[in-house]
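Beneath this line is the structure, given in structure tokens, with notes to follow.
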Number of protein chains: 2
Amino acid sequence: MQTEEEILKIKKVKNTAVRTVVLRHLLSQEKAQSLKDIENALVYTDRSSIFRTLKTFEKKKVIHSIEDGSGMTKYAVCAEGCNCDPKDLHYHFYCTNCEKTFCLFDVTIPNIQLPNNFKLQQANLVVKGLCDNCNK
Amino acid sequence: MQTEEEILKIKKVKNTAVRTVVLRHLLSQEKAQSLKDIENALVYTDRSSIFRTLKTFEKKKVIHSIEDGSGMTKYAVCAEGCNCDPKDLHYHFYCTNCEKTFCLFDVTIPNIQLPNNFKLQQANLVVKGLCDNCNK
DNA sequence: TAATCTTTGCAATCGGGTTGCACCAAAAAC
DNA sequence: GTTTTTGGTGCAACCCGATTGCAAAGATTA
Ligand SMILES: [Mn+2]
Ligand SMILES: [Mn+2]
Ligand SMILES: [Zn+2]
Ligand SMILES: [Zn+2]
């Protein structure tokens with residue numbers, strides 16, 4: 001596992017106090033975090049600073065965003081070597097019981113066959129159901 | 001192609017003026033429509049009436065909603081016989097150029113393999129890229 | 001040091017979505 | 001056929017997540 005500093009260095013994002021603490025928080029959570037989640041966790045950091053940090057991180061591919069249908073965009077740290085292009089595609093799982101959203105890095109995505117002459121760029125693939133913890 | 005009246009009858013939704021015109025509009029469009037889209041098209045119908053109509057339609061499975069990441073929920077008429085359960089799953093395509101979102105009914109969805117003990121209930125699968133019209 | 005660029009915090013704003021309420025029309029009860 | 005009940009509609013207000021303008025603080029460069 002890389003440290004915050006290493007990740008920021010690799011992704012060419014200048015290290016600042018807010019960025020370090022936001023990234024550290026994201027790394028410490030198993031579920032993808034919304035702006036509100038982060039705001040609640042980092043009570044001394046302003047929402048707009050967190051927001052802009054997330055935008056910066058996303059542009060520099062430190063994190064990726066997930067639209068899970070909850071109405072709040074969620075963010076998760078990219079896997080090592082991720083470039084956020086089709087080869088990095090993975091499902092996201094939203095548990096309808098515990099309401100956690102997380103990346104399913106270990107599930108391979110079948111090749112997506114598109115109609116003739118369509119070009120795949122990215123995808124937002126959210127699978128919903130019960131996670132192992134809640135499916136008992 | 002079924003008429004609005006037939007669809008509403010089959011799905012057990014009472015036919016009203018607003019419902020007929022909203023459904024007719026949805027049927028007439030090739031791309032999935034946002035609340036705003038419909039509002040702009042039906043200038044004499046109130047937004048909240050359209051909104052409540054969409055909610056009713058969704059509950060009664062006349063339409064399904066799509067989170068394409070644009071920030072606005074889109075709606076499309078369900079295919080005949082659709083029950084909005086896993087067997088009715090299909091990809092949605094969002095063209096990053098013309099910004100149309102639509103159902104890919106003809107592309108079969110590969111079986112989604114989840115980790116042990118996860119249970120699939122639904123999914124929101126949005127594929128992004130260039131549609132055939134824009135990929136030239 | 002002085003000038004310049006970037007980051008941060010605060011407050012205000014935007015916009016999609018949602019709701020309370022009064023009115024009205026259709027359906028049900030009488 | 002008239003009254004009562006139920007449900008749909010329009011209007012205005014509101015909620016809340018996201019976004020932005022601006023000035024202060026901090027970092028970088030000349
Ligand atoms: Mn992910
Ligand atoms: Mn669809
Ligand atoms: Zn769960
Ligand atoms: Zn297109």
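No experiment lies behind these values; they were computed from the predicted model shown.
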- Task: Evaluate the ring planes of B:Phe93 and B:Phe102, with Trp represented by its six-membered ring, and classify them as parallel (under 30°), tilted (30 to 60°) or perpendicular (over 60°).
- Result: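 Because their plane-to-plane angle lies in the 30° to 60° range, the rings of B:Phe93 and B:Phe102 count as tilted.
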message = For A:Lys87, I'd like to know if atom NZ has over 12 heavy atoms of other residues, nucleotides or ligands within 6.0 Å.
response =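 Result for NZ/A:Lys87: enclosed.
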A:Lys11 NZ: over 12 foreign heavy atoms closer than 6.0 Å: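 More than 12 within 6.0 Å, yes.
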Atom [atom1] of [X] and atom [atom2] of [N]: how far apart are they, to the nearest Å?
| X | N | atom1 | atom2 | answer |
| --- | --- | --- | --- | --- |
| A:Lys60 | C:dT6 | NZ | C1' | 12 Å |
| A:Phe57 | C:dT8 | CZ | P | 9 Å |
| A:Lys14 | D:dG26 | NZ | P | 14 Å |
| A:Glu67 | D:dA18 | CD | P | 9 Å |
| A:Phe51 | C:dA11 | CZ | P | 19 Å |
| B:Arg19 | C:dA26 | CZ | C1' | 12 Å |
| B:Glu39 | C:dG17 | CD | C1' | 11 Å |
| B:Leu54 | D:dT9 | CG | P | 12 Å |

Nearest to the side chain of [X], which nucleotide is it out of [options]?
| X | options | answer |
| --- | --- | --- |
| B:Met72 | D:dT9, D:dC11, C:dG16 | C:dG16 |
| B:Ser48 | D:dT20, D:dG10, C:dT8 | D:dG10 |
| A:Asp46 | C:dC10, D:dA18, D:dT9 | C:dC10 |

On DNA chain D, nearest-nucleotide positions of B:Arg47 versus A:Leu35: which is more 5'?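 Its nucleotide being nearer the 5' end, the pick is B:Arg47.
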When you check the phosphate oxygens OP1 and OP2 of [N], does a side-chain N or O of [X] lie under 4.0 Å from one of them?
| X | N | answer |
| --- | --- | --- |
| A:Thr73 | D:dA18 | yes |
| B:Ser49 | D:dG8 | no |
| B:Lys55 | C:dG17 | no |

Under 3.5 Å, is there a donor on one side chain and an acceptor on the other for A:Gln121 and B:Thr96?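 A:Gln121 vs B:Thr96: donor-acceptor pair found between side chains.
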Decide whether B:Tyr94 and B:Val107 are clustered together by the hydrophobic rule: side chain heavy atoms of Ile, Leu, Val, Met, Phe, Trp, Tyr closer than 4.5 Å, transitively.
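No, it is not one cluster - the side chains of B:Tyr94 and B:Val107 are not joined through contacts under 4.5 Å.
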Using a 4.0 Å heavy-atom cut-off, does A:Thr16 contact any base of the nucleic acid, only the sugar-phosphate backbone, or nothing at all?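 Sugar-phosphate, backbone atoms only, no base.
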Which part of the nucleic acid, if any, lies within contact of A:Arg52, taking any heavy atom under 4.0 Å across all strands shown: a base, the sugar-phosphate backbone alone, or nothing?
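Touches a base.
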